[in-house]
Structures are given as structure tokens and as C-alpha cells.
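To start, the structure under review is shown below, and the notes come after it.
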Amino acid sequence: TSARYELLINKQKAKTMTIEKSGNQQQLKILLGGDALEQVKEFVYLGGLISQDGGCTADVKRRIGLASAVFGKLNRLWKSKNIATSTKVKMYETLVIPVFMYGSECWTLRKEDEHRIEVAEMNWLRKILRITRLHRMRNEDIRNRLQQEFTLNDRIQKKRLSWFGHVTRMTERRLHEG
């Protein structure tokens, strides 16, 4: 069909995937010009990781990794004694949090995902204050010192509610206007 409209599909880039909650991936054999397309277990689409189980755990892990990479590149900033903590917090909120939060309104988080997010967040916040876990300082105290009123999990919830409100305000007609 694509050939009729002179659309070319790149056989090396085109992949197939099935989404199965049970974990049993169904084998597909889709041919393109006589060649079978590769079937994958996950792929990145519009910045989000889509996995065959339909869950978001892999995407959460990926986002934590991407945000950690940004955080790590700013290591000299976090260690600097010449930069005010308030400036460090602004840098964190401007450069690290958006990388982590991208696409989070679509996540269906499990408790273990929320815990993983909290652990990553507290590692980042501790590093900003140059406090290790050996200091035995409570998470709440660290948040208070950095004036972090909302956790990343709170921010995700807020984004999800905002998106839900946006979708519920859409008219039925909009879906059919395409």
C-alpha cells in the first residue's frame, strides 16, 4: 500500500512488537518486500520506552538513568562550595527534573516504581547538600533544607491530573475531527 503512494519504509529501521500482559510474546512475521521485519521487546517512541509487557517500569528506569546522566555531568557544580545551595536547587529543577519528568503523565506507577523514583530523588538531593547516608539525616529534613515542598512522585501525580483534566474537557467532536 505504501508503494502506491510512493512512501518508502526503511527495512533496517522498521520493527514489530506485540504487547502482552502475560509475558508470552506472540511471534509475528510481517514481510516488507519479501524480508521479515525484526521483532523487538521494547523500543523508544517519542522519547518514551514502549515495552512488550505494556508497563512503564522500563521507561521509569530509563528516565532515572537519563536524569542521572545529566546530574552526573553537573558534578563539579554540586561539589562547589562557591555556589549557593539555592542556585544549585534552581539548576536541579531546570536541568535534571525536566529530563526525568518527560512523558511521566502517561505512567501507571506501581509501588516499586514510586520507591525507585524516591530513592533516585533523595540521592540527587543528598548530593546537592553534600550529605551522605552516613549522616543519618531524614529525607524530610533534607527536603526542608532544600525547600523541596513536592516530591517527584507528587509532581508526577500533578502532571497526570492536569493531563486528565485536559482530556476530559475535550469535546466528543474533537475526536472525530482528526
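When reading the values below, keep in mind they use all heavy atoms of this one structure, side chains included, and skip hydrogens, waters and symmetry mates. Count residues from 1 along the sequence.
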Just wondering, are more than 12 heavy atoms of other shown residues or ligands nearer than 6.0 Å to CD in E112? yes
How many angstroms lie between CD in E118 and CG in N123, if you round to the nearest 0.5 Å? 10.5 Å
Residues R143 and E121 bridged, charged N to O under 4.0 Å: yes
To the nearest 0.5 angstrom, please state how far the CZ atom of R160 sits from the SG atom of C106. 9.5 Å
Taking it one step at a time, do F43 and S51 satisfy side-chain contact (heavy atoms from CB on, under 4.5 Å)? CA-CA 7 Å; F43 67 93; S51 56; over 6 Å; no
Just wondering, are more than 12 heavy atoms of other shown residues or ligands nearer than 6.0 Å to CG in L31? yes
Kindly work out whether a path of hydrophobic side-chain contacts (I/L/V/M/F/W/Y, heavy atoms less than 4.5 Å apart) joins I30 to L32. yes
Restricting to non-hydrogen atoms, name the atom on Q52 and the atom on T18 that form the minimum distance, rounded to 0.1 Å. CB-O, 3.4 Å
Could you tell me if the side chain of E149 sits less than 4.5 Å from the side chain of D154, heavy atoms only? no
With the threshold set at 4.0 Å, does a side-chain nitrogen-carboxylate oxygen contact exist between E93 and R155? yes
Is there a side-chain contact between K61 and R116 (heavy atoms, below 4.5 Å)? yes
Compare every heavy atom of L95 with every heavy atom of V70, then report the nearest pair and how far apart it is. CG1-O, 3.5 Å
Parallel, tilted or perpendicular for W107 and F100, by the 30°/60° rule? perpendicular
Within the structure provided, determine whether W78 and W124 are in side-chain contact (heavy-atom separation under 4.5 Å). no
Could you walk me through whether R145 and M137 pass the side-chain contact (heavy atoms from CB on, under 4.5 Å) test, one step at a time? CA-CA 11 Å; R145 279 184 61 180; M137 191 173 201; 3.3 Å; yes
Between T94 and P98 the two heavy atoms that sit nearest each other are O-CG, 3.3 Å
Quick check: closest heavy atoms across A58 and L49, and the distance to 0.1 Å? CB-CD2, 3.5 Å
Between E38 and K15, is there a salt bridge with N-O shorter than 4.0 Å? yes
State, to 0.1 Å, how close I9 and A14 come at their nearest heavy-atom pair, and which atoms those are. CG2-CB, 3.9 Å
To the nearest 0.5 Å, atom CG of N153 lies from atom CG of L109 at 6.5 Å
Would you say the side-chain atoms of S162 pair up with the backbone N or O of K158, donor to acceptor, closer than 3.5 Å? no
Hey, what do you get for CD1 (I142) to CD1 (I128), rounding to the nearest 0.5 Å? 10.5 Å
Do Y45 and V40 sit in the same hydrophobic cluster, where Ile, Leu, Val, Met, Phe, Trp and Tyr count as joined when their side-chain heavy atoms come under 4.5 Å apart? yes
If you compare all heavy atoms of V60 against all heavy atoms of I117, which two are closest, and at what distance to 0.1 Å? CG1-CG1, 3.8 Å
Cluster question for you: counting only ILVMFWY and a side-chain heavy-atom cut-off of under 4.5 Å, with indirect links fine, are I50 and M101 together? no
Start with the C-alpha distance between N75 and K127, add both sets of side-chain angles, then the distance that settles side-chain contact (heavy atoms from CB on, under 4.5 Å), and finish with yes or no. CA-CA 9 Å; N75 207 24; K127 191 137 190 176; 3.1 Å; yes
Spatial distance of atom CD (E140) from atom OG1 (T151) [nearest 0.5 Å]: 11.5 Å
Donor-acceptor contact present, side-chain R63 to main-chain V99, <3.5 Å: yes
Take atom NZ in K90; do more than 12 heavy atoms of anything else shown fall under 6.0 Å from it? no
Take H135 and T132 through the test side-chain contact (heavy atoms from CB on, under 4.5 Å) and record every step on the way to the result. CA-CA 6 Å; H135 287 95; T132 69; 3.2 Å; yes
My understanding is that only one of L77, I64, V96 makes a side chain to side chain contact (heavy atoms under 4.5 Å, CB included) with F71; could you say which? V96
If you define the side chain from C-beta out and look only at heavy atoms, does anything of N139 sit under 4.5 Å from R126? yes
Atom CG in L8, atom CD in E6: separation rounded to 0.5 Å? 8.5 Å
Any side-chain heavy-atom pair of R133 and M122 under 4.5 Å: no
Group every Ile, Leu, Val, Met, Phe, Trp and Tyr by side-chain heavy-atom contacts under 4.5 Å, then state whether L161 and W163 land in the same group. no
Backbone of C56 reached by a side-chain donor or acceptor of D59 within 3.5 Å: no
E105 side chain vs K159 backbone, donor-acceptor pair below 3.5 Å: no
Single-linkage hydrophobic cluster I97~L66, side-chain heavy atoms < 4.5 angstrom: yes
